[in-house]
Structure formats: C-alpha cells, structure tokens
Amino acid sequence: MSDAKATTSCGGYNAFTPGAKWGLVIVVLIAAATRLIGLGSLDVWMDEVYSHDASSDLLPKLLRWETISNESSSPLPFIEQKFTRRVFGEESPLSLRLPSAMHGIATVLFLYLIVGCCVGWGAAFWAALLLAINPFALEWSREGRMYTQWTAATLLLIALAYEAVRWTRARSALSEEEVKSQPIVLNWRWWLTGMLFMLVHAMNVMGTMTIGGIGLWLGLMGLVEFKSRPRAGFRILLGSALATFVYLCSWGLTGIAKALMVSGAAIPARGFTPPVFSDQLLGFLRQVPGQVPTIIAIILWLLAIVGLGVLVRNGRWRIALLLTLGGLAAWLGFPAVAKSHYFAPKYVYTGVLTYCAGLGVLLAWLSRGPFGLPANAGRAIAVVLLVGSAAVAWPYTHAVFFVPKMEIRKAIAPVQKHAVKGDVFILVPDYYESLNGYKPYRFGDAVTVIRGPKEARYGARPDEGYAGTFETMFPTDDPNSPKEPPAGTWLFMLVVEGK
C-alpha cells in the first residue's frame with residue numbers, strides 16, 4: 001500500500017493493486033465491525049424516536065416537507081428506515097439504525113477509493129482507518145438519524161465533481177482526431193444524472209450546503225482553466241452553474257432557506273441562545289477528533305492541515321481543495337442554522353471527512369520516512385499518532401458503544417414495578433410524549449403526562465431518570481415551590497393513575 005511508486009491507469013488514476021485490495025478488505029471489515037456489532041443494544045433516545053415516528057407516518061411526511069411538524073427534515077432517510085423496519089422488525093432499534101450503519105460503512109469505503117485513486121493507496125488506508133474508528137463517525141453510524149447518509153453522498157459528489165473536471169481537462173488537451181475517437185462521456189445524460197443525484201442529496205437536510213461547496217469548487221476550477229483552455233473552463237463553469245442552480249432550488253426541498261434567509265435576524269428556538277461563533281468553532285474542533293481537550297484538538301487539526309498541505313506541495317491541490325470544501329461546506333450555512341435552531345457539531349458532520357483525509361495523508365507521508373528519516377522510524381511515528389489519537393478519544397468511543405443517551409428501560413422499570421396510584425415520577429425533559437408513541441415503551445392509560453417547572457430539570461441525566469413524589473421534589477415549606485405543575489414548560493412527569 002505504498003505511494004512511493006504510483007502505478008497509474010484509468011486515465012490518470014492509481015491502479016488498484018493487490019495491496020490496495022487487501023487494504024480495502026481490512027478497512028471495510030473494521031468499519032463493519034465497529035458499526036454493526038451490538039447495534040441494537042442501547043435504548044433509543046429522543047431524536048431516534050422522531051425517526052421512528054417519521055418513518056411510521058411516511059406518506060404524510062412526504063406531503064408536508066415544509067410544515068412546522070416536519071421540522072424541515074427531509075424524507076430520504078426515513079424511506080430507508082421504513083424498508084428496514086419492514087424487514088427486521090417494526091419496533092427494533094436495530095431496524096432504525098441499520099441504514100445509518102450501512103451508510104457509515106459505505107463512507108469508509110468511498111473515502112478509501114477516492115483518496116486511493118487520486119492520491120495513493122497508503123494515504124487511503126490511513127485515512128479510511130482513521131474514519132473507521134473515529135468516535136464522532138461511529139456515534140452517528142450507530143444511531144437512527146441521517147448524518148452518515150450525508151457523508152456517503154458527499155463523497156460520491158466529490159468523486160463525480162473531480163472526475164468531471166479531470167475528464168474535461170484531459171479532453172481539451174487532445175487533438176481533433178483524438179477527440180473524435182474518444183467516447184463522449186459528459187453528454188446530456190451525464191449532466192442529467194449529476195443533477196438528479198444532487199437533488200437526491202439535497203433531500204438529506206444539510207446536503208444543500210455541500211452542493212454549494214461543490215459548486216464553489218467547480219467555479220474555481222473553471223476559472224483556473226479558462227485562461228489556458230477556454231473551452232474546458234467554460235464547460236466546468238457550466239457544471240458550477242448547474243450545482244448552484246440545484247443549491248438554490250434545494251432551498252424549497254429542505255427548508256434550509258428559512259435558516260439562510262433569516263441569518264441576520266433569526267429567532268432562537270424555544271428561547272435558546274446559541275454560543276458565540278468562536279465557542280461553536282472550538283466545539284466542532286474538539287468533537288471531530290473525539291471530544292478531546294482543546295489543545296490536543298488544535299494539534300490534531302494542525303496535523304491534518306499539514307497533510308492537506310503535503311497534497312498541495314505534491315501537485316494534488318485540486319483534490320485537497322475539493323476534500324476541504326466538500327467536508328467543510330456545511331459552515332456556509334451552519335451559523336444561521338445555529339441561530340434559528342441550536343448549536344450541535346453534528347450539523348457540520350462532514351468535517352470528519354476533511355480531518356481524516358488530511359491526517360491520513362500525513363501519516364502515509366510520515367510512514368515513507370520524509371527528510372531522510374528511516375522508513376521504520378516514520379512508520380513508528382505514524383502508528384504512535386494513530387494510537388495516541390484513539391487513546392485520547394477513548395472516553396467518547398466507550399460512551400458510543402456502552403452508554404445510552406437515555407436509559408428509558410431503567411427509568412420506566414420502577415414505575416412499572418413499584419408505582420402506586422398517586423405517585424409522581426419525573427422521567428426526562430420533553431421526551432415522554434414522543435416516547436409514548438414508540439411502542440416498546442408505551443404505557444397506554446396507566447399514566448398521564450403533566451408538566452413541571454422549567455427550573456427544576458430533575459431527570460435530565462440518565463441516572464436521574466426516576467424520582468420520588470411531587471412533594472419530595474418540591475417541598476411545600478418552600479415559598480417558591482409551585483403548588484401545582486404549571487403548563488407550557490419543559491419538564492415532563494408521570495402520574496400513575498391505575499394501580
């Protein structure tokens with residue numbers, strides 16, 4: 001899997017050597033193991049319950065993309081979940097999570113092939129291995145949401161865009177006789193396929209911003225080519241215009257236009273004030289390597305940037321820029337989303353592609369022994385960096401596999417076993433109403449939902465999912481204690497009615 005002597009085929013791409021095939025098998029097996037083993041073992045949590053509800057109510061979902069109840073989420077991931085639920089069980093957490101896991105495996109595969117073909121198979125192996133064990137990638141590969149669909153489709157878009165520019169540049173350098181003998185790949189069918197794929201990608205919430213990044217990259221590539229190869233530059237600019245057109249049209253598909261258009265005066269959701277931009281950026285930088293301390297996160301990101309710089313230095317600046325724009329394009333609209341919704345690094349999830357690709361290239365470069373360093377010493381440094389980055393992220397990795405975000409069974413079990421009529425149990429804020437629609441946890445008529453004061457958010461942590469009576473939580477001798485649960489606040493409680 002060395003990049004020292006790259007053998008090329010397929011019009012400039014690196015040949016798929018036997019070593020490359022073994023590397024592919026290894027990274028895919030690791031990705032499959034880390035994403036599929038124990039996939040259904042943890043309880044679902046609030047967002048996954050939304051996925052369950054959306055994939056249950058699929059036809060109305062398709063008909064109300066722009067309504068408040070739909071929350072501007074797009075239907076494509078829920079279509080997949082509808083299928084897996086029919087096959088593997090309607091109420092199984094595994095059914096909800098399997099599409100995310102499969103797209104997570106595909107993301108590792110696509111990154112390996114793209115970096116291998118365009119850069120080298122050694123860099124591809126390191127980059128795909130980093131992605132296969134990255135806890136940020138694992139978290140969303142093991143949850144029933146739509147983020148791994150986003151990364152997989154982003155890599156396919158990167159491959160399509162890179163191939164379009166490569167082919168256009170190569171064709172413009174041919175003589176008229178050679179052009180006549182070459183098949184016309186970029187005809188109207190090719191462009192139609194690309195447009196339809198972008199539209200499908202835009203159906204996955206944040207995909208619109210990825211398409212915006214691809215359009216920006218195509219525009220830059222067109223301008224670069226225009227001076228020396230005007231015809232090629234014009235064709236590439238047409239591709240940029242097409243991507244921009246799809247990006248603008250996609251506003252109506254996903255509802256992200258709402259966030260972008262009100263970016264200057266967005267109303268915070270539920271009274272929530274998002275962190276300042278610098279805190280959002282630091283949170284993102286820490287989250288991608290695995291919720292590591294800030295200084296370690298900055299060092300790891302700097303190493304990834306150095307890896308991208310190695311690509312630029314070796315003349316691979318086009319793929320370096322494309323991986324950067326494709327991975328970080330979500331920041332084109334994320335600040336607006338954070339204002340009108342709330343801050344979460346998952347909304348810029350594709351940044352994990354840029355991070356793993358850059359750091360993977362650096363590790364491959366080190367393993368070849370740069371600056372006269374012995375190759376074995378370089379490989380040892382690369383392994384130490386890999387193991388070290390995984391070690392500092394271990395608490396996050398452990399939580400992904402073994403710590404549920406909501407211990408629903410643990411919280412509900414005391415109610416089912418010990419409750420007597422009149423007891424009040426505090427569950428978790430704002431979740432019960434949705435959870436009661438998720439059949440494995442339904443109470444039927446056994447309990448009633450009442451609301452408690454927002455300030456007393458007892459039960460927000462999993463280990464606090466079960467509490468005592470209402471009087472225990474709100475002593476009557478406290479003059480500030482509510483005499484009855486006020487309506488319209490966040491805290492949900494369970495009042496046992498029938499036992």
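- Side-chain N/O atoms of R145 and S51 include a donor and acceptor closer than 3.5 Å.
- Ion pair K346/E139 not flagged as a salt bridge, since none of the NZ, NE, NH1 or NH2 atoms sits closer than 4.0 Å to an Asp/Glu carboxylate oxygen.
- For the pair L308/T324, a side-chain contact is recorded, criterion being any heavy-atom separation below 4.5 Å from C-beta on.
- For the pair V44 and R97, the minimum side-chain heavy-atom distance is below 4.5 Å.
- The ring pair (Phe, Tyr, Trp, His ring centres under 6.0 Å) test with F284 singles out one residue from W301, Y355, Y349, and that residue is W301.
- In this structure, V392 and S389 approach most closely via the heavy-atom pair CG2-O, 3.2 Å.
- Between atom OG1 of residue T148 and atom CG of residue L138 there is a gap of 11.0 Å, rounded to the nearest 0.5 Å.
- To the nearest 0.5 Å, the span separating SG on C356 from CH2 on W126 amounts to 13.0 Å.
- Taking CD1 of I299 as the reference point, atom CG of L385 lies at 10.5 Å (rounded to 0.5 Å).
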Go through the steps to decide whether H103 and T151 satisfy the test side-chain contact (heavy atoms from CB on, under 4.5 Å), and finish with yes or no.
CA-CA 8 Å; H103 282 283; T151 50; over 6 Å; no

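- Taking each heavy atom of N14 and G116 in turn, the nearest pair found is ND2-O, 2.9 Å.
- The minimum heavy-atom distance between S95 and G89, with the atom names listed, is OG-O, 2.7 Å.
- When side chains are defined from C-beta on, L281 counts as touching W331, because their heavy atoms get closer than 4.5 Å.
- Atom-to-atom distance recorded for R286:CZ and Q291:CD is 7.0 Å, nearest 0.5 angstrom.
- Applying side-chain contact (heavy atoms from CB on, under 4.5 Å) to L155 and the options V108, T350, L111, L113 leaves one that passes, L111.
- For R379, the side chain to side chain donor-acceptor pair (under 3.5 Å) test picks out N376, with sequence neighbours left out.
- Note on ring orientation: taking the six-membered ring where Trp is involved, the planes of F136 and Y396 are tilted (angle from 30° to 60°).
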Yes or no on side-chain contact (heavy atoms from CB on, under 4.5 Å) for F402 and L42, after CA distance, side-chain angles and deciding distance?
CA-CA 7 Å; F402 303 110; L42 299 183; 5.7 Å; no

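- The shortest distance between side-chain heavy atoms of L131 and L353 falls below 4.5 Å.
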Using the rule given for side-chain contact (heavy atoms from CB on, under 4.5 Å), can you reason through F110 versus T154, listing the C-alpha separation, both sets of side-chain angles and the distance that settles it, and then say yes or no?
CA-CA 10 Å; F110 294 159; T154 294; over 6 Å; no

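- Between Y112 and W121, the angle of the ring planes lies from 30° to 60°, which puts this pair in the tilted group.
- Residues T107 and V352 are not in side-chain contact: their nearest non-hydrogen atoms beyond the backbone lie 4.5 Å or more apart.
- Under the 4.5 Å side-chain criterion, counting only non-hydrogen atoms from C-beta, E80 is in contact with Q149.
- Of the possible polar contacts, one joining the T354 side chain to the L323 backbone as a donor-acceptor pair under 3.5 Å is found.
- Residue A101 comes nearest to L39 through the heavy atom pair CB-CD2, 3.9 Å, listed as atom of the first residue, atom of the second, then distance.
- Interatomic distance, CD of E91 versus CZ of R85, reported as 6.0 Å (0.5 Å rounding).
- Across all non-hydrogen atoms, the minimal contact from P345 to G283 is CG-O, 4.1 Å.
- At least one donor-acceptor pair under 3.5 Å links the side chain of E48 to the backbone N or O of G144.
- Interatomic distance, NZ of K82 versus NE2 of H52, reported as 9.0 Å (0.5 Å rounding).
- Checked options I381, L130, L303; the residue passing with L363 is L130 (criterion: side-chain contact (heavy atoms from CB on, under 4.5 Å)).
- In this structure R142 satisfies the salt bridge (charged side-chain N to carboxylate O under 4.0 Å, His left out) test with no other residue, sequence neighbours excluded.
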Step by step, would you call L24 with L109 a side-chain contact (heavy atoms from CB on, under 4.5 Å)?
CA-CA 7 Å; L24 175 65; L109 170 64; 3.1 Å; yes

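- In this structure, N134 contributes its side chain and G290 its backbone to no donor-acceptor pair below 3.5 Å.
- S55 has its side chain out of reach of I79: every pair of non-hydrogen atoms, C-beta onward, lies at least 4.5 Å apart.
- Aromatic pair W150/Y347: centroids not less than 6.0 angstrom apart.
- In this structure, A161 and I214 approach most closely via the heavy-atom pair CB-CG2, 3.9 Å.
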